[in-house]
Every structure is written in C-alpha cells, then in structure tokens.
Protein chains: 2
Amino acid sequence: MATGRTHRPATRSRGIPEATVARLPLYLRALTALSERSVPTVSSEELAAAAGVNSAKLRKDFSYLGSYGTRGVGYDVEYLVYQISRELGLTQDWPVVIVGIGNLGAALANYGGFASRGFRVAALIDADPAMAGKPVAGIPVQHTDELEKIIQDNGVSIGVIATPAGAAQQVCDRLVAAGVTSILNFAPTVLSVPDGVDVRKVDLSIELQILAFHEQRKAGEEAGAGTAQQAAAARSDAADQGPDGDVPAVMPA
Amino acid sequence: MATGRTHRPATRSRGIPEATVARLPLYLRALTALSERSVPTVSSEELAAAAGVNSAKLRKDFSYLGSYGTRGVGYDVEYLVYQISRELGLTQDWPVVIVGIGNLGAALANYGGFASRGFRVAALIDADPAMAGKPVAGIPVQHTDELEKIIQDNGVSIGVIATPAGAAQQVCDRLVAAGVTSILNFAPTVLSVPDGVDVRKVDLSIELQILAFHEQRKAGEEAGAGTAQQAAAARSDAADQGPDGDVPAVMPA
DNA sequence: ATGTCTTTGTGAACGCGTGCACAAAGATGG
DNA sequence: CCATCTTTGTGCACGCGTTCACAAAGACAT
C-alpha cells in the first residue's frame, strides 16, 4: 500500500476501526458502479468480490455502520451508497488546495477523481513567481505569498503537498498554521505535525522498493527450487545472485 | 498511506515481517541523508526520530536483518545503508515500464525518485497512436502493440499502470502474461492477478476520502465539546451538521 | 582490570485485524 | 401458517504488529 498513516495511533473514531475506514471508499466505488447499472440489491458475497475483499470482512465492516442489510436478500445499493457517503463525510463539500504545481501537482490538478466525490480544487499554489496567473487545469496558479489568505477565505481544511522534498516541511507548517488539519503528502519526506493534524503520505519510491524486495525474493526462490525458470530466463542481465549472497558493495546513491 | 497490499496475505518473506519491509525504505532514506552529511554512526533513537517511528520498533526491525549495531555506540551508517539496500534488492538494476502516458504517467516518467534507487524507466507505453514516438522525459513513447516485445527484450518484471480505470485490468493481464510479476497500480480499480504476482495500489481518491472521514469526525467533536471553535469558525459554508445528524440525501455522483 | 555508562537486542504482554463457522432473521413457496 | 432456503450479523480463536522493560554487551575512563 502506498500509504502510511501518521499519528492518531489506532484510535477507533467513534467505534469504527481504522482498517474499516480505509476500505469504505473501496466499497463505495463498487456500489457506485452497481448503482449506475441500476442494480437494486447486492449480497455481501458479490460486493466483496467486486471490492476484492473477504465477504466476512465486508459484513463485519458494515456491522460497524449499523444493520443495513436484509437477511436472505442482501444490501440495498442506493441506501448503502448514501450511508457510506455520509459516514465518510462526502455529503459535504471539501475545498482542497494543491501546493507545488510541478509535473505531479499539475497531474493531480487535472485528475478527475478529485471533483467526482465532493472534493473541489479551491486553489493551486506554487512558489515560482513565473507560474503565477498561469492556468493549470483551468485554474490560475497563485503565489505562495497568498497561501494563508487562500486557506482562510475558502475555509480549506485539506491540503495536498506536491512540492520537492526540501520545501515540504515548511509548506506543511504554513498550511497547519493557517488552519489546515489534514494533509496528503506526495513529497518524499517525513512530515512532523502537531497533535490533531492527520497526515497521509503517498510515496512512489517506497512502493517500488517494496515491490523490488518481493521481486528479489521470488527470483531467489526460483533459483533455489529448481522450478519455474521461465521468468528468470527471460531476464537478461539481472546479476543472478542468491538472495543472501555477498556481492561487491555497489550501492545506489 | 496511499497504498494497499493485495495478495500475499501476510506471509513473512524469509522471516522479515511485511510491516518491517514497508519501513525499510524509510530508514534507508534517513540513513542516506546522514551518509551525505558524513555522519559515521547513529543511535536507534536518533534514526527513529528521523524516520518518524518508535525506537523500539526500529530496533526490532533491524533485528530481523541481523545484529548490525554496536551496544553503547549505535549503528554504522554506511554499513546499514548497504545492508538495507541489499535486503531490498536495490543493489541490482530494475527496469520498469510505465503504461498510460497521460498527465499522471508523464509526471511519473519525469519523477526523479525513479532513477535514484536502481529503478530505470525502460519504456513508456500508450494506447494512443498519436503519442507514438513523441518523447516524454527524454524517452520516446511506444505503442501498446509493442508491449510484449518490450517486456521480454528488457527483462522487465515491474510494471506501472497509469491508464484510465477502464483499461487497467486489460493492461494488467497483458503485462502479467508477458512476464511481469510486480505491478504498481495508479488506476482506481481492483486488479485481479494470478498467484505469485504482487500488486500495490496508489489511489488518490481513497486517501482523500479517508482524510475527509477524520476531518468530519474532528469537526463533530469540536461542535460537541464546547472548545476549539477557531477552526470551525474559520470554515465558511461547511454545512454545520452534527456527525450523526440526518441530512437531506444529497449524494455525489 | 574493574567499574560505570550507554545503547542494543529481545522476551513477554497486549491489542487490533482477520476469518471461520454458525445461529438468527427474514423472504419465499406451498 | 409452516417449512425451507438464503444471507446477514457476530462470537470466538488465532496471528501479526507494537510497545514496554530489562538484561546483556560493549565502549570508555580510571
């Protein structure tokens, strides 16, 4: 998972476990798809399959929200969509600012998934004066000097940081000081924030490294057991070392 | 955290817990920074602070790798950088393909964090014939027809999917069939893959929804207890409803 | 050599999350 | 109204991950 929770150790928020909260958006997506196909009801088994989870887990997750199902029938799709939306706070409008309009920031601004669920890009902010006024995704970029004013005028409580790592903590501090209490961080840094502020991070590099670990392990197992050579054979230059073999100390920067 | 593990239920890979693997890149980043500042050794306490984790957790994590510390002194930075790099498989080259060169795909291609740790963008692939040959981040985009050939010629085992949701499963199937065994999925879909293939997903929309949940909870608590009005007051139009109040059924699409 | 001080490595307890398996609930048909 | 069948909701047990707390290990000074 490309995400990590910081702070809020594992406090059940009003009885709903954190792990369940993280799955609600998944259920909601599957349910929305069913709703668009005008499917009236769905069983836990079907919905679980669509969301890629265990059906018992799904039922237990829903049980935290209340008893919204009908035994022998399943769940009412529309009703469940509404209940989950409400639980996640998606029935209200969430203005969001994106700070750092580089390649990634621009991509995020253009991302459709933002607007679709109650999230509205209230402003794009960048430190480069040359960017100021230039429209990205139809929204003019504003300079960092305006940050505090933008946050306050728009009542923004969610900020997205897409700056270089070096600027992230500073931007974070300013966002928090201006009233932001939830931060989605794309910069490869550990942000420190005061109590009561939620930070979630998305880190491409970490995800790739985790994949590489498992990939290496697979390659090692293949080499160890005599089976399944095809993948190992296809790889050309992969420096066929054992998983534990001591290799010359060539380290990436 | 914008990531979720699919498959591989919780199998310790050669004794190293999954949770530990997910933190190793964090430690590595902190250690690399220390290394650049020529710091020779570091204590578990200092390093833990830099990585944003508990020091006991860090020590236990390192204990899975072996006994690399010196009691009374701490850990040798250079040695630890090397050991973790090796454990994560970063001492070898990992060619990666990015499929779907839209806004996000292009941003990923331009992302510096790729190249820095042994990951090399071997090819960019897009279904749009008009994109073919056009250079993005200095690499010419190739058409989807070439996918299988590219994978095999370059020995690619890690694929990044940045296509629209509708195309993701199909692209995934082709990647897997061609030999890819690790996938980083940015498309908002649940991918189904055969055993032995790892999928990690990065989903902006899910992260925002989780933040919204906690944000809503915070607002509710504030309203409930009579304290800390300043944040609630700053918010202008935020539809000041209780956390449980029944509201008119206005749902986002 | 001996004592002191720092810091690691880990045994043990605890809590969260997961999944099984089943009883309860309701729909449906006769 | 009763029997049957489907599907929910949940009690329970298990395992992973986290954290505490401390003994063991080594550095360093005397």
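Within every chain, numbering begins at 1; the chains are lettered A, B, ... in the order of the sequence lines, protein sequences first and strands thereafter. Since the structure is predicted, the reported quantities are computational estimates derived from the model, not experimental observations.
Note: OH (Tyr68(B)) to C1' (dT7(C)) measures 19 Å, nearest angstrom. Rounding to whole angstrom units, NZ of residue Lys57(A) and P of dT10(D) are separated by 18 Å. Distance, Asp76(B) CG to dT7(C) P: 16 Å, rounded to whole Å. Straight-line distance from the CG atom of Leu58(B) to the P atom of dC20(D): 14 Å, rounded to whole Å. Between the OH atom of Tyr27(B) and the P atom of dT8(C) there is a distance of 13 Å, given to the nearest Å. One atom, CG of Leu65(B), and another, P of dG9(C), lie 10 Å apart when rounded to the nearest Å. A straight line from CD of Glu45(A) to P of dG9(D) spans 14 Å, rounded to a whole angstrom. Per the geometry, CZ belonging to Phe62(B) stands 16 Å off P belonging to dT7(C), to the nearest Å.
In this model, the phosphate group of dT18(C) is approached by a side-chain N or O of Arg23(A) to a distance below 4.0 Å at OP1 or OP2. Contact annotation: Lys60(B) does not reach the phosphate of dT10(C) (side-chain N/O to OP1 or OP2, under 4.0 Å). OP1 or OP2 of dT8(C) lies within a sub-4.0 Å distance of a side-chain N or O belonging to Ser44(B).
The side chain of Ala19(B) sits closest to dG17(D) out of dA27(D), dG17(D), dG9(C). With dT8(D), dG17(D), dG9(C) as the choices, the nucleotide that has an atom nearest any side-chain atom of Ser67(B) turns out to be dG9(C). When the nucleotides dG17(C), dT18(D), dT10(C) are ranked by their closest atom to the side chain of Arg59(B), dT10(C) comes out on top. In the set dG9(D), dA27(C), dA27(D), dA27(D) carries the atom at the smallest distance from any side-chain atom of Thr70(B). The side chain of Val73(B) approaches dA27(D) more closely than any other nucleotide in the set dT10(D), dA27(D), dG17(D).
Tyr75(B) comes within 4.0 angstrom of the backbone, heavy atoms only, and of no base.
The residue among Gly72(A) and Thr20(A) whose nearest nucleotide of DNA chain C is located toward the 5' end is Thr20(A).
Tyr79(B) and Tyr68(B) have their aromatic ring centers within a separation under 6.0 angstrom.
No hydrogens or angles were tested; on distance alone, nothing pairs the side chain of Arg71(B) with the base of dT7(C) as donor and acceptor under 3.5 Å.
You'll find the side chain of Pro188(A) stays beyond 4.5 Å of the side chain of Ser205(A), heavy atoms only. The side-chain heavy atoms of Glu78(A) and Asp76(A), taken from C-beta on, include a pair separated by under 4.5 Å.
Counting only N and O atoms by type, the side chains of Thr91(B) and Arg86(B) include no donor and acceptor under 3.5 Å apart.
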Discussion item. Gln169(A) vs Thr189(A), test: side-chain hydrogen bond (donor to acceptor under 3.5 Å, both in side chains). Steps then yes/no.
Written reply: CA-CA 8 Å; Gln169(A) 182 64 58; Thr189(A) 325; over 6 Å; no
